[in-house]
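Heads up, the thing below is written out as structure tokens.
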Amino acid sequence: MLLLEVISGERLAKPERGKMRVHKISNVNKALDFIASKGVKLVSIGAEEIVDGNVKMTLGMIWTIILRFAIQDISVEETSAKEGLLLWCQRKTAPYKNVNIQNFHISWKDGLGFCALIHRHRPELIDYGKLRKDDPLTNLNTAFDVAEKYLDIPKMLDAEDIIGTLRPDEKAIMTYVSCYYHAFSGAQKAETAANRICKVLAVNQENEQLMEDYEKLASDLLEWIRRTIPWLENRAPENTMQAMQQKLEDFRDYRRLHKPPKVQEKCQLEINFNTLQTKLRLSNRPAFMPSEGKMVSDINNAWGGLEQAEKGYEEWLLNEIRRLERLDHLAEKFRQKASIHESWTDGKEAMLQQKDYEIATLSEIKALLKKHEAFESDLAAHQDRVEQIAAIAQELNELDYYDSPSVNARCQKICDQWDNLGALTQKRREALERTEKLLETIDQLYLEYAKRAAPFNNWMEGAMEDLQDTFIVHTIEEIQGLTTAHEQFKATLPDADKERQAILGIHNEVSKIVQTYHVNMAGTNPYTTITPQEINSKWEHVRQLVPRRDQALMEEHARQQQNERLRKQFGAQANVIGPWIQTKMEEIGRISIEMHGTLEDQLNHLRQYEKSIVNYKPKIDQLEGDHQQIQEALIFDNKHTNYTMEHIRVGWEQLLTTIARTINEVENQILTRDAKGISQEQMNEFRASFNHFDRDHSGTLGPEEFKACLISLGYDIGNDAQKKTGMMDCEDFRACLISMGYNMGEAEFARIMSIVDPNRMGVVTFQAFIDFMSRETADTDTADQVMASFKILAGDKNYITVDEYCIARMAPYHGHDAVPGALDYMSFSTALYGESDL
């Protein structure tokens, strides 16, 4: 019972004190009942066996007690007690090398497992690095001694027994290891408790620090607000805009530099307060109550007062700045208007006192009068400015402008000067009107003189310009038109002379009036700069230019008559040569098509024709000479002919080219006929077919005409549509050859195409087709025919000798049957027709 009380930590029923068997059985039954009450099932264990000293039963009961109270409470990750204890050991010893806990018997024999558990929790008790796996006795004794001395774990095991046993007792080791678990588990709980206390104290200390920080921050913020509000409530005005601008700049500095940190402090104060209250609430502490007047609400109220004062100060600053700005604007406006007015009036009094009208002409008087009227209008317009200046000065006085005395003095000076200008203006107007009446009569005469002199002067200038104007004409009609216009101009000269004399009479009348009334005429006619002397001088110049113009027109008329003669001469020759060239071109075309006589007859006829054409060359040269004269005379058109020299040159060159080409074609036909052995009848048949289908006589056949021509010659072209290009492509030509009986294998067709289309253009022209027809119908020599002839001479041998047939250019024969002096006639024959090299 005492063992159960010690191991379970609970009090059991009072034991029987007697020493009789019945008392012992009663006490053992009490112990067994207590064990059963803890949920331990006892199988085959009775009080009598224990009392009787049954060792097996007694040890089983003791193990049951140990298992229930020392091991069963161990639980790691919801495993059984044994598995949990094993898992705990494995986790604690995992970092140690040479320790592998897999069970509660042989895994502990080397003693390193016990040492690892102690070192993991109390590293200062064992120097684990000095332990060796091959010294289990030392390891076990070290662990047992340290556990007993420092961990209060009794030495339940013997090191020699563990080493000497093949498989140590599992229950004994399990029991001993559970003591390690409880020892270290209790230490961990104590450490946890200590950490909790430290955490509580740290939280409390942190809260107290937050309280102190809040108090200090609140005091500093309230003190700053207390010092700032009086500055914001200061409404002392300034007289200058610069001073008020400085105050506004100071206020902006306050807003930009001084206030933002305080806003942050206020925000931080509220954050600290809320954080502190949250921490106190979470730690079950009473809420923090700041000192009187330092509550968040008190700070918010003070801050609100600061912002109210700030708003009022800003409004006052802006209003003051507007007021000073208004005053400065008015003062500047006054100075500006006053300066403009003073600048405008500068020199006006001296101008109004001038007597320039005494020596002025009527036009100048009228101009002065109009100028004076304009000045009066300008003066009336400036009346508003003077009134504005006075009104601005009055407003500045009412707004208590600091420089009002100087403004008033300047305004008074402007008003006095304005009154004086009005009096002088009226006086000058009266003087100008008197002078105007004296000069009006003379002015009327001057005006009439100017009205008649100006158009007459323009007429004379135009006449001089026309009489001296250079002219360029190209026909007789143009020069006759200029001559007629000149005669009409000469007919107007008597009337012009009468107008000149009338204009001079008006000027003489003005001179008489000036001398009679002693009028002071300062200057000439104001309406014109044309003087009588100038009119007489220009009139004399016109009279001198008329005969010069007559002579120039006569000379140009003679030159145009010569040009017309050159035009007619060139036109007469060109109208003959042009049609002659065209007629010759048509005749050459007919000769090349017609089949009168043999090709030699046609060739002789064409050469005689060429000679007659060449003999016509002097007429072309004569026309070139006439054309050169026309160019030198700068004649650009000719109504007497439609031919130009360029047309004649091109036609002449085409005529020479055509006759030469036609002669060459006939010569080629003769060469083809002689070389191919074609009879004259065949050539006539080809030409007749060609001419028959050349219905437009153009010398060429269209696609359909060409197809019909081939059919007429006996070739079955087939029903495939012929391409309208005047030539056949590869496939059309191949079909044509097949229709005429040719064996058209790929190799054969390629050979024929290389003949008719050597440039590999993919088409067959009409000339190439005729050449091919000539080649096929004529009896021509070939390399095979020549080789067959040589073979007859050589007696069917592949070579010949000099004795049999001496050919200087033949190469030696090197065949297997060669004899001395043998010559290779086969290579000679193929090279002769271009099928190989010599």
Side-chain angles (χ1 to χ4, degrees), residues 3 6-7 9 62-63 65-77 79-199:
L3 174 62
V6 172
I7 199 169
I62 291 172
W63 170 248
I65 293 171
I66 292 172
L67 185 61
R68 169 61 184 82
F69 294 102
I71 299 175
Q72 188 172 348
D73 292 338
I74 298 174
S75 178
V76 179
E77 296 184 359
T79 60
S80 64
K82 180 180 178 181
E83 293 175 351
L85 182 60
L86 182 61
L87 181 59
W88 178 79
C89 294
Q90 291 173 345
R91 289 183 175 178
K92 295 299 182 180
T93 60
Y96 296 88
K97 61 181 179 178
N98 299 327
V99 177
N100 185 16
I101 306 300
Q102 298 296 330
N103 48 56
F104 286 107
H105 37 81
I106 61 175
S107 296
W108 302 87
K109 285 187 68 175
D110 56 7
L112 292 178
F114 297 109
C115 294
L117 288 175
I118 295 172
H119 185 267
R120 180 64 183 274
H121 295 88
R122 298 287 298 277
E124 75 279 2
L125 298 179
I126 293 178
D127 189 358
Y128 189 83
K130 294 182 178 181
L131 300 177
R132 300 197 315 272
K133 188 175 182 64
D134 57 355
D135 190 6
L137 183 61
T138 301
N139 297 340
L140 290 170
N141 287 328
T142 299
F144 295 160
D145 293 341
V146 171
E148 184 178 19
K149 183 177 179 179
Y150 295 102
L151 302 177
D152 294 332
I153 298 174
K155 189 182 294 185
M156 301 178 183
L157 303 175
D158 185 76
E160 288 77 3
D161 291 343
I162 294 176
I163 295 172
T165 306
L166 182 62
R167 188 175 186 274
D169 184 64
E170 183 179 24
K171 296 179 180 179
I173 291 178
M174 188 175 176
T175 301
Y176 185 69
V177 172
S178 68
C179 294
Y180 279 74
Y181 173 81
H182 289 296
F184 293 134
S185 177
Q188 185 175 1
K189 291 179 180 177
E191 183 180 357
T192 302
N195 290 337
R196 182 179 291 109
I197 292 172
C198 291
K199 182 177 180 181

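Each residue takes its place number in the sequence, starting with 1.
- Evaluated for a side-chain contact (heavy atoms from CB on, under 4.5 Å) with Ile101, the options Val177, Leu117, Leu86 yield exactly one hit, Leu86.
- With no hydrogens or angles considered, a side-chain donor-acceptor pair links His119 and Tyr96 at under 3.5 Å.
- Residues Ile118 and Phe184 approach most closely at CA-CZ, 3.8 Å, considering heavy atoms.
- The shortest heavy-atom contact between Ala183 and Ile153 is CB-CD1, 3.9 Å.
- Taking OH of Tyr176 as the start and CH2 of Trp108 as the end, the distance is 10.5 Å to the nearest 0.5 Å.
- The distance from atom CG of Leu112 to atom NZ of Lys97, rounded to the nearest 0.5 Å, is 10.5 Å.
- His105 contributes atom NE2, which lies 10.5 Å from atom CG of Leu166 (distance to the nearest 0.5 angstrom).
- A pairwise comparison of heavy atoms in Thr165 and Lys109 identifies O-NZ, 3.1 Å as the closest pair.
- In this structure, Asn141 CG and Leu157 CG are separated by 11.5 Å, a value rounded to the nearest 0.5 Å.
- Residues Leu140 and Gly111 come closest through the heavy atom pair CD2-CA, 3.4 Å.
- Judged purely by distance below 3.5 Å, without hydrogens or angles, the side chains of Ser107 and Asn103 pair a donor atom with an acceptor atom.
- No more than 12 heavy atoms of other residues, nucleotides or ligands sit less than 6.0 Å from atom NZ of Lys149.
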* Does the pair Arg132 and Asn139 meet the rule for a side chain to side chain contact (heavy atoms under 4.5 Å, CB included), with working shown? -> CA-CA 8 Å; Arg132 300 197 315 272; Asn139 297 340; 5.7 Å; no
* To do: Before giving the answer on side chain to side chain contact (heavy atoms under 4.5 Å, CB included), spell out for Ile173 and Phe114 the whole-Å C-alpha distance, their side-chain angles and the decisive distance to 0.1 Å.
  => CA-CA 10 Å; Ile173 291 178; Phe114 297 109; 4.3 Å; yes
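- Taking both residues in full, the closest heavy atoms of Glu160 and Leu137 are given as OE2-CD1, 3.8 Å, listed atom of the first, atom of the second, then distance.
- When every heavy atom of Ala116 is checked against every heavy atom of Thr93, the shortest pair comes out as CB-CG2, 3.8 Å.
- Ring pair His121/Trp88: centre-to-centre distance below 6.0 Å.
- Distance OH/Tyr181 to NZ/Lys92: 9.5 Å, rounded to 0.5 Å.
- Of the inter-residue distances, the one linking Leu125 atom CG with Cys115 atom SG reads 11.0 Å to the nearest 0.5 angstrom.
- We find that Asp169 and Lys171 are not joined by a salt bridge, their nearest charged nitrogen and carboxylate oxygen being 4.0 Å or further apart.
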